[in-house]
Amino acid sequence: MPAPSQGPARSRVLTGDTPTGRLHLGHYVGSLENRLALQEKHDCFFLLANMHAFTTRADKADDIRRDTIEIVKDWLAAGIDPAKSTIVLQTEVPAIAELTWFFAMLLPFNRVMRNPTLKTEIETKDLGDTYSFGFPMYAVGQCADILAFRPVFVPVGEDQVAHIEMCREVARRFDQVYCGVNPKTEDKDYARGGGVFPIPEALVGRIGRLVGVDGTNKMSKSLGNAIFLSDTPKEVQKKVGKIFTGRQSPTAPGDVNNALFQYVRAFIRDEARVRELEDRYTRGDNLGDGHVKQEVAEWINKLLEPMRARRAEFEKPGGDDAVIDIIRAGTKRANAV
């Protein structure tokens with residue numbers, strides 16, 4: 001497989017996913033959509049963070065392997081192109097593990113534990129105080145994931161911005177301690193000032209936090225409120241039908257800030273139609289939730305249909321082997337970089 005095309009002076013991008021299962025619409029609008037646009041003009045590395053999956057599932061190596069392959073299928077289905085972007089397996093890049101160790105010496109333990117995303121995961125996964133010693137290390141490891149590739153941009157969901165801020169902190173600290181960069185240097189000038197690492201910027205997708213079909217919590221596989229990129233049209237229709245609004249009648253004024261209308265604005269890509277639906281819903285102009293849900297489901301299925309077709313190619317016999325070949329080729333290039 002040829003290496004991704006470079007072009008002149010292409011800025012580098014790094015992001016990725018921990019393999020915990022198939023990807024959903026929240027991943028798409030929060031980060032995947034950004035990646036598709038960025039791969040056209042940037043040197044993109046997309047990381048399969050399988051090492052991080054071991055922090056809570058160390059006894060389920062086979063499941064992690066399966067989920068890693070499934071995520072690549074979702075990426076390819078969404079439109080990630082291995083001829084333009086580099087797909088990387090985290091555990092096969094020794095530099096990441098090495099940098100994790102060095103960065104751990106530059107980050108106070110209390111700073112790591114104050115990371116709000118880490119605290120949220122401990123709560124939502126009900127880990128209490130039983131989590132492994134390695135669990136908080138994954139927050140440090142994410143800094144190494146990113147900085148090993150010295151990217152300028154990191155496309156993430158809104159909940160990952162805190163991780164990027166810690167990454168920026170450790171990059172500054174390393175450059176100041178070991179490269180003599182003046183602490184007063186502006187972030188954009190760290191590399192020119194002699195730093196090994198540029199100070200990367202987080203790029204949040206057009207919807208930082210997509211609510212799940214329960215209408216309350218962020219979309220999540222573990223909460224059972226997700227619409228997956230691989231769902232069938234009927235599954236999409238059924239799940240959209242569950243979105244709770246609390247509205248009693250099509251003639252009652254509705255709140256366009258509810259969960260349903262977040263989906264309207266996210267997936268109906270006709271601005272005039274969105275404004276019309278919002279106006280009628282607000283006025284209680286004989287527009288029922290069921291009608292709006294039907295329209296939302298149709299637009300989501302329109303988005304997912306080409307993804308289903310591309311994914312089906314990798315569900316055929318030999319599909320997993322083809323995915324593994326893509327991972328191997330990308331990881332070989334990543335190690336050279």
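Computed from a predicted model, the values in this text were never measured in an experiment. Quick note: residue numbers are just sequence positions, from 1.
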Rounding to 0.5 Å, atoms OG1 (Thr331) and CD1 (Ile324) come to a distance of 11.5 Å
Notebook entry, point to check: Any sub-3.5 Å donor-acceptor pair from Thr68's side-chain atoms to Pro19's backbone N or O?
Noted result: no
Would you please test Lys218 and Glu158 for salt bridge (Lys or Arg N to Asp or Glu O under 4.0 Å) and show each step?
CA-CA 11 Å; Lys218 176 188 169 186; Glu158 187 177 61; over 6 Å; no
key: His42 side-chain N/O to Cys44 backbone N/O, donor-acceptor pair under 3.5 Å   = no
Contacts satisfying ring-ring contact (aromatic ring centres under 6.0 Å, His included) that involve residues 234-261 (not counting sequence neighbours) are Phe261-Tyr281
* Are Arg275 and Glu278 close enough for a salt bridge, meaning some N to O gap below 4.0 Å? -> no
Can a side-chain donor-acceptor contact be found between His27 and Asp74 if the only test is distance below 3.5 angstrom? no
Check your understanding: Hey, quick one: are Leu47 and Val152 part of the same hydrophobic cluster, counting side-chain heavy atoms closer than 4.5 Å, chains of contacts allowed?
Key -> no
Q: Answer yes if the side chains of Thr245 and Asn258 hold a donor-acceptor pair under 3.5 Å, and no otherwise.
A: no
| task | Answer whether the closest heavy-atom distance between the side chains of Ile69 and Phe314 falls below 4.5 Å. | result | no
Problem - Asp62, CG: over 12 other non-hydrogen atoms inside 6.0 angstrom - result: no
Check your understanding: More than 12 non-hydrogen atoms from neighbouring residues, nucleotides or ligands closer than 6.0 Å to CZ on Arg308, yes or no?
Key -> yes
Would you say Arg111 has more than 12 foreign heavy atoms packed within less than 6.0 Å of its CZ?
yes
| query | Between Thr18 and Thr20, does any side-chain donor sit less than 3.5 Å from a side-chain acceptor? | reply | no
Practice item. Using atom types as modelled and distance alone, determine if a side-chain donor or acceptor of Asn301 lies under 3.5 Å from a backbone N or O of Glu298. Key: no
Short side-chain to backbone donor-acceptor contact, Asn217 and Ser220, under 3.5 Å:
no
- State, with a plain yes or no, whether a side-chain heavy atom of Ile207 is found less than 4.5 Å away from one of Gln262. yes
Problem set entry | Heavy-atom side-chain proximity of Ile227 to Phe267 below 4.5 angstrom | no
Is Ile80 linked to Leu304 within one hydrophobic cluster, defined over Ile, Leu, Val, Met, Phe, Trp and Tyr using a side-chain heavy-atom separation of less than 4.5 Å?
yes
- [ ] Under the salt bridge (Lys or Arg N to Asp or Glu O under 4.0 Å) rule, what do Arg273 and Glu276 come out as? Steps first, then yes or no, please.
- [x] CA-CA 5 Å; Arg273 180 57 177 163; Glu276 179 186 355; 3.1 Å; yes
With a 3.5 Å distance limit and no angle check, can you tell me whether Arg310 reaches the backbone of Lys73 through a side-chain donor-acceptor pair? no
Is any NZ, NE, NH1 or NH2 atom of the basic residue among Glu70 and Arg66 found under 4.0 Å from an Asp or Glu carboxylate oxygen of the other?
no
message = Could you see if Leu147 belongs to whatever hydrophobic cluster contains Leu107? Use Ile, Leu, Val, Met, Phe, Trp, Tyr and a side-chain cutoff under 4.5 Å.
response = yes
* To do: State whether Asp67 and Lys60 are salt-bridged, where the test is any N-O pair (Lys NZ or Arg NE/NH1/NH2 against Asp/Glu carboxylate O) under 4.0 Å.
  => no
Quiz item: Is atom CZ of Arg280 surrounded by more than 12 heavy atoms (other residues, nucleotides or ligands) closer than 6.0 Å?
Solution: yes
Notebook entry, point to check: Would Phe228 and Leu76 show up in the same hydrophobic cluster when neighbours are defined by side-chain heavy atoms closer than 4.5 Å?
Noted result: no
Review point. Transitively linked via ILVMFWY side-chain contacts under 4.5 Å: Phe133 with Val140?
Key: no
**Message:** Under a plain distance cut-off of 3.5 Å, with no hydrogens placed, do Gln294 and Gln237 share a side-chain donor-acceptor pair?
**Reply:** yes
| message | With heavy-atom distances below 4.5 Å as the criterion, would you say the side chains of Glu305 and Lys302 are in contact? | response | no
Look at the side chain of Glu33 and the backbone N and O of Arg206, then say whether any donor-acceptor pair between them is shorter than 3.5 Å. no
One should read off an interatomic distance between Cys143 SG and Glu165 CD, to the nearest 0.5 angstrom, of 10.0 Å
Check: Sub-3.5 Å donor-acceptor pair from the side chain of Asp145 to the main-chain atoms of Gln90, do we have one?
Finding: no
I'd like to know if Asp231 and Lys238 make a salt bridge, using a cut-off of under 4.0 Å between side-chain N and carboxylate O.
no
- Item | Arg328/Glu92 ion pair, N-O < 4.0 Å | no
Main-chain N/O of Pro250 paired to Arg247 side chain as donor or acceptor, under 3.5 Å:
yes
Applied to residues 185-209, the ring-ring contact (aromatic ring centres under 6.0 Å, His included) test, sequence neighbours excluded, yields Phe103-Phe197, Phe174-Phe197
Within the distance-only criterion (no hydrogens, no angle test), does the side chain of Gln39 pair as donor or acceptor with the backbone N or O of Gly79 below 3.5 angstrom? yes
Inset, instruction - Could you tell me whether Tyr138 and His163 have their ring centroids closer than 6.0 angstrom? - result: yes
Next item on the list: Using modelled atom types only, decide if a donor and an acceptor are shared between the side chain of Lys221 and the backbone of Ala226 within a distance under 3.5 Å.
Entry: no
Should Arg311 and Ser230 be marked as a side chain to side chain donor-acceptor pair (under 3.5 Å) after you check the CA-CA gap, both sets of side-chain angles, and the distance that decides it?
-> CA-CA 8 Å; Arg311 199 180 207 284; Ser230 52; 4.6 Å; no
